[in-house]
Every structure is written in C-alpha cells, then in structure tokens.
Amino acid sequence: MMAVSRAFGGAKLETLLLSNSAVAVPPPPCQIRVFCKPARTGRALIRRGGPAIRCEVASDVLVQTAGGIDQNASSDSRYTKERSSIVVIGLSIHTAPVEMREKLAIPEAEWPRAIAELCGLNHIEEAAVLSTCNRMEIYVVALSQHRGVKEVTEWMSKTSGVPVSEICEHRFLLYNKDATQHIFEVSAGLDSLVLGEGQILAQVKQVVKVGQGVTGFGRNISGLFKHAITVGKRVRTETNIASGAVSVSSAAVELALMKLPQSCHNSAKMLVVGAGKMGKLVIKHLVAKGCTKMVVVNRSEERVSAIRDELKDVEIIYKPLSEMLTCAFEADVIFTSTASDTLLFTKENVHYLPPVSQEVGGLRLFVDISVPRNVGTCVADVENSRVYNVDDLKEVVAANKEDRIRKAMEAQEIIGEESKQFEAWRDSLETVPTIKKLRAYAERVRVAELEKCLSKMGDDISKKTKRAVDDLSRGIVNKLLHGPMQHLRCDGSDSRTLDETLENMHALNRMFSLETEISVLEQKIRAKVEQNQK
C-alpha cells in the first residue's frame with residue numbers, strides 16, 4: 001500500500017483526505033503561531049528524520065532554515081539571500097468542501113483581472129489561476145515566501161468573503177519543487193477523482209491560452225504551465241493511463257461498444273432510459289465516444305432539456321416514459337438507469353420487439369446499471385437479446401482501476417524526469433541577474449574611460465572621430481565579455497554544464513564584486529512598494 005501511495009503523490013484520496021485535524025503548537029512568548037499538519041506523501045517541506053511535516057507560519061517575520069525557524073533574521077538579510085519562489089496556494093476536492101470552493105472559484109473571464117491584482121501585491125511577481133469544479137489553485141512567483149502567501153491568502157479572503165482562518169484550515173501550500181511536481185501530477189490526471197481523466201489537461205492548456213499577453217503571466221509561470229502540458233501529453237502517450245473505464249457509467253458505454261462491431265459505433269441507435277445522475281453520465285460518455293444522436297426516455301422533459309443545453313452539438317430526442325417500448329422497437333442498444341422498483345423490460349414485452357440489423361451484430365443489447373434492476377434476467381432468454389447488469393460491469397471497472405494504478409506508478413517516473421528538467425531550466429535563469437550586472441559594470445567602466453579619453457583629445461575632435469573611439473570601446477568590451485557570457489549561458493538540459501555555469505556565476509560575482517550591489521529581489525520589492533504607495 002505504501003508503494004501505491006508514493007506513486008500517487010498528492011493525488012490519492014485515501015492518503016490525501018486526512019483524518020487528523022490541524023494541531024496547534026502552543027505559541028512562544030513572542031506570540032508567533034505555527035500550525036503543523038501531516039504533509040502529503042513525498043511533499044514534505046521540513047523533514048527531521050520522522051514523519052513529513054508541513055508548517056504554515058502565521059507570522060511574516062520568520063525565516064525557515066534547514067535547522068528550523070530563525071526568528072532573529074532581518075527582512076533585509078532575507079531578501080538578499082532568498083531566491084524568488086514558485087508557490088501554489090490551493091483548495092481542491094481533496095481538502096475543501098464544495099461550498100467553500102464555490103465561493104473561492106474565479107470564472108475564466110476574470111482570470112486576467114485576478115492575475116493583475118495578484119501581481120499588484122508587494123511580494124508577488126507572477127501569477128496564474130487554475131479554477132475548475134474540483135480545484136481552485138493560485139500559482140505565484142513570490143519575492144518572499146511567507147509574505148507572499150500571507151498577501152495571496154488575504155486577497156482570496158477579500159475577493160470571496162471567506163475568512164482567512166477558514167481558508168487556512170482547508171488550503172494546501174507547496175513550494176518550488178513540490179509545486180512543480182503538483183502541477184505536473186494535476187496535468188497528468190493523477191490528482192483527479194478519475195485517475196488519468198483528460199479534461200484537466202484541457203483546463204491547464206486554457207490557463208496558458210488565457211494568460212498569453214497578460215502582464216504578470218511571466219516567464220517562470222508560463223514556463224511551468226507549458227511544461228505541465230508537455231508532461232500531461234507525455235504521460236498519456238507513454239502510459240495510456242486514460243484508457244479503460246473506471247466508473248459504472250463509463251464501463252457501461254465501454255462494454256456496449258466492445259460488443260458492437262467497430263464499424264457501427266457511430267451509427268448504432270442508442271436509447272437511454274432515465275436522465276438522472278447516472279443516465280446523464282452515460283449520455284456524456286456516449287458523446288465522448290463519438291455518438292451524435294440518441295433518444296432519451298424520462299418521466300419529465302426538464303432534465304433532458306438541461307442535458308441538451310449542455311451538449312449543444314448532440315441531437316438528443318426526448319420521449320416520455322409511456323413511449324419507452326415504442327422507442328425500444330428502433331433501438332440497437334438500450335441503457336437503463338432509473339429508480340423504478342419494478343422491472344421496465346421483461347421477457348414478455350421484449351419478445352415482441354423486432355430483430356435488429358445484422359450491421360450491428362444482430363443482437364439487441366440491454367445494459368442495466370440500475371439498482372434495483374430495470375431489466376429482468378429472463379430477457380436474456382429472448383432470441384437475439386443480451387443483458388448486462390452492474391455486476392458484469394464491476395469486473396471491468398476493477399480491472400481498469402488496477403491497470404491505472406500500475407500506469408500511475410509509471411507516470412510518476414516520467415514526472416520525476418520532467419521535474420528535474422524544469423528545475424534545471426529554472427536554475428539556469430539564476431545567471432540572468434549576473435549577466436545584467438556584469439554588462440552594467442562593464443558599461444560603467446567603458447563610459448568613464450571613454451570620457452577621460454575624449455577630454456584628453458580636446459574639444460576640436462570631429463564627430464566621426466568620437467564615433468570611431470566610441471565604437472572601439474564598445475568592441476573591446478564586447479570581445480572581453482564574450483567568453484564570460486558564454487560560460488554564463490546554459491539551457492539547463494545538462495546537469496554538469498549547469499553546475500559549471502553556476503560555479504562560473506559565483507566566481508564572476510566575487511571577482512567583480514557584483515554581490516555588493518543591491519539584490520534583484522530587493523530592487524523588485526522596493527519598486528513594488530513605491531508603486532503601490534503612489
């Protein structure tokens with residue numbers, strides 16, 4: 001069981017739905033509160049040789065270090081030492097009730113506005129929103145982890161009306177590598193209720209589509225989501241995790257199509273009796289398999305109309321329950337999913353149904369997913385009729401679930417590889433500030449020396465001569481910088497090259513005293529604070 005839990009990471013309901021509530025650690029004299037929860041398997045933020053622990057810090061003046069929490073570190077030292085972090089602040093079907101997720105949900109049309117508001121916060125540089133029926137997750141690049149989380153949580157509270165305390169009770173926080181692994185698992189369908197389902201990949205793609213051109217959907221976040229799409233595609237292609245039904249309704253459709261000749265999958269006449277929850281799912285799975293026309297029998301037309309409005313490109317013909325047998329006359333496959341206590345199809349009334357075409361195999365299929373059953377077992381005695389019930393489908397579902405678990409473990413290996421590649425790419429971006437600083441340093445030296453040279457040459461030199469001297473100085477600088485710049489550039493695909501690149505970066509920082517300049521993070525934070533104070 002442990003092996004399975006590790007394979008699923010954060011996706012498994014059994015391991016993710018924690019039975020233990022948050023445990024409050026008594027506050028120290030300085031009134032700083034720390035709440036500790038068991039972290040998801042493989043997602044620990046702090047490990048001390050025992051169980052994985054996630055600590056959510058309620059104060060923004062703490063610095064989390066390898067040895068614990070440093071309460072004496074100043075904010076200045078934190079900014080100069082800290083690299084910007086990718087953080088996900090989220091609530092999902094695994095951690096929060098639907099009532100809360102509804103309040104926090106952000107419609108797709110509002111995502112650009114949300115990104116702009118999030119990036120307007122003092123410690124948030126980039127942002128993205130992934131809001132679906134099962135999750136509401138905000139991904140940010142934070143200039144300070146603790147202050148960034150605090151600001152985003154307060155923003156979520158302000159926009160939704162949900163108190164901060166309630167959000168903190170149900171949210172999960174993941175940083176950097178853990179955040180990367182999470183979105184990769186989400187995109188691969190490992191964090192979904194139905195393992196490997198494909199809808200979430202389309203939703204991740206939509207985040208990128210909406211984010212294009214939006215200020216704040218920056219290089220780190222866009223790179224993360226684009227890489228997540230690649231991971232989602234690769235997992236589905238290499239493991240085929242999305243194949244095989246894992247619910248009764250999807251198994252019913254899959255079984256029916258298995259019994260029909262493949263050539264008539266799109267032409268077979270489908271009848272669905274019952275438009276409740278299970279009936280609606282049958283209809284959706286039929287549509288997903290390419291069915292564009294079907295007859296739906298139900299007591300009232302209201303539910304059928306709602307389904308028709310949702311599936312606009314499908315021809316759904318409503319018939320009342322009184323016309324059920326008439327509709328059965330023309331049907332090749334009949335799905336039943338009603339709450340009726342009495343049998344809807346018996347040997348007596350099925351006996352009068354005309355035979356079906358040989359083009360669909362010459363057999364009329366009854367797929368009964370109702371409990372109590374809607375189709376009598378005696379119907380199987382009628383010539384050219386076949387009956388399948390829930391018990392027949394359970395074996396299909398169980399076999400597919402076991403198969404998907406195995407495929408999920410394979411998917412985790414792929415996610416591990418892709419996570420390393422993304423982290424290497426992101427590590428390679430660390431050299432960008434050094435490149436900028438080195439160029440700025442060289443330019444300052446060039447301009448200063450150029451001015452000294454021109455002043456010695458007097459005021460009567462021509463513009464042509466000035467331009468020639470200027471070009472000469474630029475050429476010399478560019479030639480001298482070419483070697484160091486080449487050794488600072490790395491695409492992150494080779495770990496050895498990346499390590500060498502980072503070593504070169506630190507060496508150049510020391511040689512030219514570039515580390516003494518104000519840190520990039522501090523510059524960004526000061527600029528944001530000043531802008532928000534205007």
May I ask you to decide whether [X] forms a salt bridge with [Y], counting only side-chain N to carboxylate O separations under 4.0 Å?
{"X": "Arg219", "Y": "Glu126", "value": "no"}
{"X": "Lys150", "Y": "Glu154", "value": "yes"}
{"X": "Arg234", "Y": "Glu417", "value": "yes"}
{"X": "Arg308", "Y": "Glu315", "value": "no"}

Closer than 3.5 angstrom, by distance alone: can the side chain of [X] be matched with the main-chain N or O of [Y] as a donor-acceptor pair?
{"X": "Lys269", "Y": "Met294", "result": "no"}
{"X": "Ser187", "Y": "Phe184", "result": "no"}
{"X": "Arg386", "Y": "Lys259", "result": "no"}
{"X": "Thr292", "Y": "Val314", "result": "no"}
{"X": "Asn374", "Y": "Thr338", "result": "yes"}
{"X": "Ser157", "Y": "Thr153", "result": "no"}
{"X": "Asn176", "Y": "Ile86", "result": "yes"}

Kindly indicate whether the side chain of [X], heavy atoms from C-beta on, has any atom under 4.5 Å from the side chain of [Y].
{"X": "Lys293", "Y": "Ile317", "result": "yes"}
{"X": "Leu104", "Y": "Met156", "result": "yes"}
{"X": "Leu365", "Y": "Asp332", "result": "no"}

- [ ] Would you please test Glu410 and Thr239 for side-chain hydrogen bond (donor to acceptor under 3.5 Å, both in side chains) and show each step?
- [x] CA-CA 7 Å; Glu410 296 174 16; Thr239 69; 5.5 Å; no
TODO: Decide yes or no on side-chain hydrogen bond (donor to acceptor under 3.5 Å, both in side chains) for Glu137 and His182, but give the supporting numbers first.
DONE: CA-CA 11 Å; Glu137 298 175 355; His182 175 73; 3.0 Å; yes
- [ ] If the plane angle is over 60° it's perpendicular, under 30° parallel, otherwise tilted; pick one for Phe225 and Phe217.
- [x]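 It falls in the tilted class, 30° to 60°.
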TODO: Before giving the answer on salt bridge (Lys or Arg N to Asp or Glu O under 4.0 Å), spell out for Glu110 and Arg113 the whole-Å C-alpha distance, their side-chain angles and the decisive distance to 0.1 Å.
DONE: CA-CA 5 Å; Glu110 296 294 317; Arg113 175 194 60 80; 2.5 Å; yes
- [ ] Report the C-alpha distance between Ser84 and Glu125 in whole Å, list the side-chain angles of each, state the deciding distance to 0.1 Å, and finish with yes or no for side-chain hydrogen bond (donor to acceptor under 3.5 Å, both in side chains).
- [x] CA-CA 9 Å; Ser84 61; Glu125 187 176 17; 4.6 Å; no
